[in-house]
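The next block holds one structure in the form of C-alpha cells; read it before the comments.
Naming: A, B, ... by sequence-line order, numbering from 1 per chain.
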2 protein chains.
Amino acid sequence: MTSPLQIDCKSCAYKSSCIYEVLKGSEKELLNKGKVVNEYRKGEIIYKEGSAATSCFFVQEGALKLSKETLSDKPFFITLRKSGTTIGMESLNNHSNYESTAQCITDITCCALTSRMIYSLIQKSRAACSFLAFQYNDFISDLYTHLTIMSTEKANVRIARSLLTLLEVGKGKLANIRIEDLAAISGTTRETTSRALSRMKTNKIISVSNREINILDEQKLKNFIQ
Amino acid sequence: MTSPLQIDCKSCAYKSSCIYEVLKGSEKELLNKGKVVNEYRKGEIIYKEGSAATSCFFVQEGALKLSKETLSDKPFFITLRKSGTTIGMESLNNHSNYESTAQCITDITCCALTSRMIYSLIQKSRAACSFLAFQYNDFISDLYTHLTIMSTEKANVRIARSLLTLLEVGKGKLANIRIEDLAAISGTTRETTSRALSRMKTNKIISVSNREINILDEQKLKNFIQ
DNA sequence: CGCCGGCTTGAGAGCAATCAAAGTAAGTGG
DNA sequence: CCACTTACTTTGATTGCTCTCAAGCCGGCG
C-alpha cells in the first residue's frame, strides 16, 4: 500500500457508483474530508481475517478476492469483488473482526471509510441507508450465485467462468494469472485446471504463451457455461 | 399461514433477541404498533423468489430454509435460518424482489416488519442500525460457512452436519423429516443419503423406526464432523 | 389384495482428487 | 554464456467418491 492519495470526491471518476452520489451537500463534504484513498498492488492484502474490523472499503478500480482460513494450509476462496462494490462491512458491527481476508488480484484503488463516519451518514440520510442495504443485498446475491455454481457445476465449467470473470475485471485482458490461483478461484486443483486449459488450447478457445493465457474465442467460452 | 396474532412486544418471549431490545420508548411503541405476528405451518412458504420484497421477517421460533430456483425441477438449497435471525432483507432495497424462497421446515412464528417501518427506526436510532448491520453480517458469515462446507466436505459429513443442525432447531428431536429433504439440505441425492444413514444405523449412531430418525449417539455424530 | 409413495440396495460409470514423475521457463552464479 | 536451481506446469496412472439407473422392498391405504 502506497501513501494515501489526495483526491477530492468532486473530481473523482468513480463518484457516480459510490455512496457520494446519494448524499446531500454537507454530507458530501463529511465524506470528502473523512475518506482515505488508498492504492494497493496486486497480491497485497487489504485486511486479514480475524483482525479488528475498523473500516469498510469502497472498491473504485480493480478486483480482489475474499478467502477464509482452513485447517489445511490452503485458504478457501470465497468470492471475487470488483469495482463498485463495498467490502469489509463487518466494520459496521461494534468491536467485531473481519470474517475473511481481502487480497488484491489486480492493482486496486479503494476508499477506506470508518464505521464512525458511515454511521453519521446513515443517521443523516435515508439514501445513505438505502445505499448500504443495496451493497449488502448485492453481496448476498453474489454469494447465492457463487454457492450455486460451486455446488452444482463441473470443474471445467467453473474454470471457464473464472476466466470470463477475470477477463471482465481485467478489462478485456487476463493479468498473467498463475494456474494455481485460477484453480483456487475455480475451487479445484492445479492439475484439473491445467488439463482443462489444455483441452481449451486444442479447441482453439485460448492460447498460452509465456505462461500468459489469452482468450481467442470468448463466444465459445461463453457457450461452455451456457 | 393463520390469521395474525395479537401480541404486545412488551410481553413477547422473544423480545430480547429482537430489534425491540435495542430501541427506546417511542420507537418501541412504533415497532409494537407496526409489526405483524404470523404463524406458519411446516412446509408453508413465507415468500417466493422473484416476488416483490415488501417485508422482512424476524424469526421468533422454528426453522426455515432458503432456496433458489434452478433450470432443473429441483430447487437449490441455500441455507437454513433459525430463531433469532432476520430474513427477507431484500425488502430494504427499494422496489426489489426476494432473491430466494423461504419455506418452513418446522412450524414457525415470525414478525413481519415493513421496510417503511424499518427505515423510520433506523433514522431515529443508531442502535437499530447496528442491529440490522449485525443481522446482515451474521447472515453473510453463515453463508461463508455454508459455502466452505458445501465445497470442501464429503457428502456423509454434510449429512451428519444437517442432522445436528436439525436436531438443534428441533430442540433435541428431529421432526420426522423425509430422506429427500435431508438430501436436499445436505446437497446430495436421496440414494447417497440413504446409504449414509444405513451406515450410521449399523454403527448405532442413529435408529430409524416408522420413517423417523432418532439420534442415539450425538457425540459420535459430532466426531464425524470433527 | 394390489397399488402407491417413499426408502433401500446394487451395479456401473464418470469425474476429479491424489500421487508420481517428467517437462519447461526464468533466474542465479560462476 | 552455460550449468544449475527453483518454481511452476503438464501429463499419466490410480483411486475413491458420488451420481445415475435399475430393481426390489416396506408400510399404508383404498
Practice task
Classify the angle between the aromatic ring planes of F77(A) and H146(A) as parallel (below 30°), tilted (30 to 60°) or perpendicular (above 60°).
Solution key: perpendicular
Practice task
Just say parallel, tilted or perpendicular for the rings of Y40(A) and F57(A), cut-offs at 30° and 60°.
Solution key: perpendicular
Problem - Salt-bridge contact K42(A)-D107(A) (side-chain N to carboxylate O under 4.0 Å) - result: no
Exercise for the section: Check the distance between dC7(C)'s C1' and I177(B)'s CD1 and give it to me in whole angstrom. Expected result: 15 Å
Problem - Contacting residues from residues 151-167 of chain A, given that a heavy atom lies under 4.0 angstrom of DNA chain C - result: K154(A), A155(A)
Problem - Residues touching DNA chain C, which here means a heavy atom under 4.0 Å, drawn from residues 191-200 of chain A - result: E191(A), T192(A), R195(A)
Practice task
Not counting sequence neighbours, which residues clear salt bridge (charged side-chain N to carboxylate O under 4.0 Å, His left out) with K201(B)? List them please.
Solution key: none
Distances for protein N or O near nucleotides 5-8 of chain D N or O, under 3.5 Å:
from   : atom 1 : to      : atom 2 : distance (Å)
dC8(D) : OP1    : R178(A) : NH1    : 3.0

Handout entry: Validation row: M89(B), Y136(B) side chains within 4.5 angstrom (heavy atoms)
Key = yes
Problem - Involving DNA chain C, stems made of at least three consecutive Watson-Crick or G-U pairs, both distances under 3.5 Å - result: C:1-30 with D:1-30
Exercise for the section: If a pair satisfies side-chain hydrogen bond (donor to acceptor under 3.5 Å, both in side chains) and one of its residues is in residues 184-193 of chain A, list it, with sequence neighbours excluded. Expected result: S162(A)-S186(A), T189(A)-T192(A)
Problem - Over 12 non-hydrogen atoms of neighbours within 6.0 angstrom of NZ in K82(B) - result: no
Exercise for the section: Report the residue from N156(B), L163(B), V208(B) that forms a side chain to side chain contact (heavy atoms under 4.5 Å, CB included) with L197(B). Expected result: L163(B)
Handout entry: T79(B) and D142(B) side chains, donor-acceptor separation under 3.5 Å
Key = yes
